[in-house]
Number of protein chains: 2
Amino acid sequence: MAQGRGSAGRATIRDVASRAGVSVATVSRILSGAYTAPPATHDRVMQAVQDLDYVVNANARSLNTTSGLIAMVVNDITSPFFMNVASGVEEQAVADGRVCLVCSTQGVPERELSVIELMRQRGAEAIILVGGMAETEEHLAQLTAAAEGLERAGSRLVLCARPWKGGAKAPVDVVECDMESGAFAATSHLLSAGHTRVAHLAGPHEFSVAGQRLEGYERALRAHGVKPDPALVAESDMTRESGYEAACRLLTDTDATAIFCASDMSAAGAIAAARDLGRSVPDELSVVGFDDIPLAEDLYPRLTTVHVPQQELGRSATRLALHRRPMDPPSRRVVLGSHVVVRQSVAPPARLNTLGKVDS
Amino acid sequence: MAQGRGSAGRATIRDVASRAGVSVATVSRILSGAYTAPPATHDRVMQAVQDLDYVVNANARSLNTTSGLIAMVVNDITSPFFMNVASGVEEQAVADGRVCLVCSTQGVPERELSVIELMRQRGAEAIILVGGMAETEEHLAQLTAAAEGLERAGSRLVLCARPWKGGAKAPVDVVECDMESGAFAATSHLLSAGHTRVAHLAGPHEFSVAGQRLEGYERALRAHGVKPDPALVAESDMTRESGYEAACRLLTDTDATAIFCASDMSAAGAIAAARDLGRSVPDELSVVGFDDIPLAEDLYPRLTTVHVPQQELGRSATRLALHRRPMDPPSRRVVLGSHVVVRQSVAPPARLNTLGKVDS
DNA sequence: AACGTTCACTTAACCGGTTACAGGAACTGG
DNA sequence: CCAGTTCCTGTAACCGGTTAAGTGAACGTT
């Protein structure tokens with residue numbers, strides 16, 4: 001039970017010192033483990049701490065020492081993809097003895113900067129931006145400024161699962177996944193199964209990651225001698241709902257026999273749309289997703305998708321931020337690979353005909 | 001660009017003051033918006049801030065002022081249910097002008113206490129524990145102690161989506177959902193459809209929320225004149241995988257025609273198990289879930305489940321922590337309702353027979 | 001001209017820790 | 001017995017902000 005000082009406010013190190021009959025320096029040293037005091041003193045101090053229910057004030061402490069704080073900025077703490085990446089960041093951070101905090105921008109791009117500012121004020125050792133968003137020139141300029149400021153204070157800004165779109169060399173460390181080749185592989189998978197009318201359920205065109213996936217898709221088409229048809233590309237915002245709507249348009253307005261979706265979420269929407277329109281998957285429509293979030297296993301049919309190493313993206317980001325030697329270049333970039341994992345949502349278009357059904 | 005002081009470390013308020021030719025007090029007041037200085041002074045200070053790339057040190061600042069910090073502690077930042085609740089907490093917190101941080105225990109119960117300690121050290125205004133875990137007596141005692149300490153410092157500890165299992169009256173605010181009656185309704189729904197052999201895919205028995213669901217299930221059975229059969233209750237840990245395994249046992253060892261699952265995740269496992277064993281859902285097996293996470297819409301068939309108002313649980317928790325008047329009782333408790341949302345995973349067992357199939 | 005206000009700021013004492021420096025006791029060796 | 005270490009501890013100056021109290025100039029009043 002707390003006693004001694006009036007029960008208002010919290011006990012300070014001086015309260016502890018005077019109760020234990022020692023100086024504040026001694027208390028500070030004992031509590032921070034800076035040295036081993038003789039048992040008698042040690043016990044007396046610990047007893048006082050207990051009696052007063054003393055808790056160090058970490059804010060005051062970090063005026064003199066480093067905070068040991070890693071901050072993550074996420075757009076949407078509800079997104080499985082981002083949070084899987086985040087769990088990788090955290091795993092590595094606590095393995096390196098740091099405290100790891102997540103803060104959300106709630107989908108508002110401007111809040112990204114203010115959250116960064118906030119963690120910078122708090123003395124974060126590293127700030128890791130998880131996931132992407134539509135970035136204006138100005139936004140990127142401010143990001144660069146923030147990175148410089150952090151740099152000067154000995155901290156790092158790292159982009160994770162988000163490419164740098166600011167032209168030239170990125171002023172920060174970047175960990176990303178090679179999505180262009182992932183998209184290439186996914187589209188090739190569909191083409192190899194015999195599809196020629198392969199649609200793409202794209203992400204928002206302002207999203208850099210969406211652009212990469214679109215490029216991989218088009219490159220695969222060309223590589224297989226198929227002419228890209230703009231009518232087969234529909235845009236959605238990567239959510240289930242907008243995926244559903246875009247897929248409906250694709251299914252009613254075009255003769256697509258397969259859809260490559262920019263995310264597993266929108267693939268879930270596409271599968272639901274197919275079902276509601278009476279097209280069975282994969283017999284009458286093949287679907288491929290992107291990301292390989294846990295949901296992919298739960299869809300019916302189980303979703304063939306491009307696996308993105310989410311946890312590993314996160315871990316790499318933390319390593320980049322923390323494991324730094326003086327001779328390292330000012331900004332580094334690591335690109336992880338992706339590969340398609342085959343499940344049950346793809347079948348040859350041929351089956352359509354053997355079943356005696358007509359397409360279009 | 002930063003100039004003036006050597007580029008090491010970061011600029012302090014004194015650097016700004018001397019560059020602008022005013023005292024630190026003036027800078028502090030202008031920056032914290034405490035008063036409106038004449039334009040000339042104001043501009044000079046702002047210019048100095050810009051030139052030096054000055055960022056306040058929030059740690060130093062919060063030595064004198066309150067931190068305005070709300071901390072959430074979550075077991076698994078990858079869990080859709082918890083993160084939906086968390087997004088509610090956050091939404092309300094930023095609406096109330098606070099900064100909101102999420103910290104994970106990574107599933108380790110002991111880390112819950114150290115994370116609480118950590119945020120307490122940091123002067124958090126409120127700490128919100130999202131979701132439950134198996135709690136020992138000792139753990140609860142330490143939680144109580146932490147709550148008292150926070151109380152004394154003018155902060156609050158709130159349990160969200162997690163009942164207090166410490167006997168007697170909870171020493172903290174609690175927001176929970178009436179899961180017993182949700183489970184009652186879900187089971188009743190199955191019984192009303194004509195099922196008499198209703199199994200329960202329970203959560204771990206140490207989990208308080210799992211206990212509530214089991215009780216509701218049994219009460220519904222008795223209310224419909226069905227004798228609870230222990231053989232029909234299988235335990236899993238609420239994940240998809242363990243749900244799959246437990247459901248397999250249920251399907252091969254018993255004559256259950258319906259399963260009420262303790263979570264949507266384990267329901268996903270149950271549906272997969274049924275599919276792999278050749279039992280079609282809902283025609284040959286009805287399934288009901290619990291939570292109503294987004295996944296429920298994506299399963300096939302779309303999952304009938306008990307809707308838990310996740311965001312609202314979170315919002316209430318924040319309100320409880322922040323909107324407090326002096327005359328309020330030391331600890332409050334709010335219980336939200338739940339209701340079953342009917343989708344496509346339940347059908348009468350009768351169909352089994354009309355299709356000419358035999359059960360067991 | 002004398003006086004009370006208001007305005008625009010400065011001085012200096014905090015907030016709650018850490019830590020460089022210094023002092024005294026105990027121990028060691030000569 | 002004394003100098004040299006070593007060990008333990010205290011004093012006080014920091015860290016980087018906020019803020020109560022105070023100062024001096026300008027202004028309006030009578």
Side-chain angles (χ1 to χ4, degrees), chain A residues 5 8-45 48-49 52-68 117-118 120-124 149 152-154, chain B residues 5 8-46 48-49 52-69 117-118 120-124 149 152-154:
Chain A
R5 325 158 323 89
R10 61 198 241 186
T12 74
I13 198 173
R14 312 194 200 249
D15 298 321
V16 174
S18 77
R19 183 171 234 267
V22 296
S23 73
V24 292
T26 303
V27 176
S28 174
R29 290 194 188 102
I30 289 176
L31 292 184
S32 61
Y35 80 167
T36 40
T41 317
H42 186 271
D43 292 351
R44 233 167 347 119
V45 169
V49 167
L52 298 172
D53 188 32
Y54 170 73
V55 182
V56 287
N57 181 326
N59 296 320
R61 171 177 279 175
S62 53
L63 281 193
N64 305 297
T65 63
T66 70
S67 65
E117 182 72 6
L118 201 115
R120 198 178 152 195
Q121 292 177 0
R122 231 83 231 176
R152 221 168 300 123
Chain B
R5 322 158 326 89
R10 60 199 243 188
T12 74
I13 198 172
R14 316 200 195 242
D15 298 321
V16 174
S18 77
R19 184 172 235 268
V22 295
S23 74
V24 292
T26 303
V27 176
S28 173
R29 292 205 182 90
I30 288 177
L31 292 184
S32 62
Y35 80 170
T36 40
T41 316
H42 185 269
D43 292 351
R44 232 163 353 115
V45 169
M46 288 324 234
V49 167
L52 298 172
D53 187 31
Y54 170 72
V55 181
V56 288
N57 181 326
N59 295 321
R61 172 177 279 175
S62 52
L63 281 194
N64 306 297
T65 63
T66 71
S67 65
L69 210 119
E117 182 72 5
L118 201 116
R120 198 177 153 197
Q121 291 178 0
R122 227 88 227 175
R152 221 168 301 123

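The structure displayed is predicted, hence computed values, not measured ones. Sequence lines set the chain letters: A, B, ... in the order given, protein chains first and strands last, and positions in each chain run from 1.
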Atom CD1 of B:Ile13 to atom C1' of C:dC15: distance rounded to whole Å?
14 Å
Does a nitrogen or oxygen in the side chain of B:Thr65 sit under 4.0 Å from OP1 or OP2 of D:dG17?
no
Taken to the nearest whole Å, CD1/A:Ile30 to P/D:dG10 is 9 Å
Here the gap from B:Asn57 atom CG to A:Gln121 atom CD, rounded to the nearest 0.5 Å, amounts to 8.5 Å
Return no unless some side-chain N or O of A:Tyr35 is found under 4.0 Å from OP1 or OP2 of D:dT9.
yes
A:Leu63 CG - C:dT19 P separation (whole Å):
12 Å
Nearest 0.5 angstrom please: B:His42 NE2 to B:Arg29 CZ, how far?
14.5 Å
What distance separates A:Asp53 CG from A:Asp15 CG, expressed to the nearest 0.5 Å?
12.0 Å
Separation of atom CG in B:Asn57 from atom C1' in C:dG16, rounded to whole Å
13 Å
Nearest to the B:Pro38 side chain among C:dC9, D:dG10, C:dT18, which nucleotide is it?
C:dC9
On DNA chain C, more 5' by nearest nucleotide between A:Tyr54 and B:Val22 is B:Val22
From the candidates C:dC15, D:dG17, C:dC9, the one with an atom nearest any side-chain atom of B:Ala37 is C:dC9
Checking all strands, does B:Thr41 fall into the base, sugar-phosphate, or nothing category for heavy-atom contacts under 4.0 angstrom?
sugar-phosphate
Any base atoms under 4.0 Å from A:Val55, or only sugar-phosphate, or nothing? Heavy atoms, all strands.
sugar-phosphate
Within the distance-only criterion (no hydrogens, no angle test), does the side chain of A:Ser28 pair as donor or acceptor with the backbone N or O of A:Val24 below 3.5 angstrom?
no
Do B:Leu52 and B:Arg10 touch side chain to side chain, with heavy atoms closer than 4.5 Å?
no
5'-most contact on DNA chain C: A:Ala25 or A:Ala60, nearest heavy atom basis?
A:Ala60
Among D:dC14, D:dG17, D:dG16, find the nucleotide with the atom closest to the side chain of A:Asn64.
D:dC14
Whole angstrom is fine here: how far is it from CZ in B:Arg122 over to C1' in C:dG16?
13 Å
Nearest-Å distance, CG (A:Asn59) to P (D:dT18)?
13 Å
Test for a donor-acceptor pair under 3.5 Å between the base of D:dG10 and the side chain of A:Arg29, counting only N and O atoms.
yes
Nearest-Å distance for atom pair CZ/P, residues B:Arg14 and D:dG17
8 Å
Side-chain N or O of A:Thr12 less than 4.0 angstrom from OP1 or OP2 on C:dG16?
no
Just to be sure I understand the rule, does B:Ser28 reach a base, reach only the sugar-phosphate, or reach nothing, if contact means heavy atoms closer than 4.0 Å?
base
Between D:dT9 atom P and A:Leu31 atom CG, what is the distance in whole Å?
14 Å
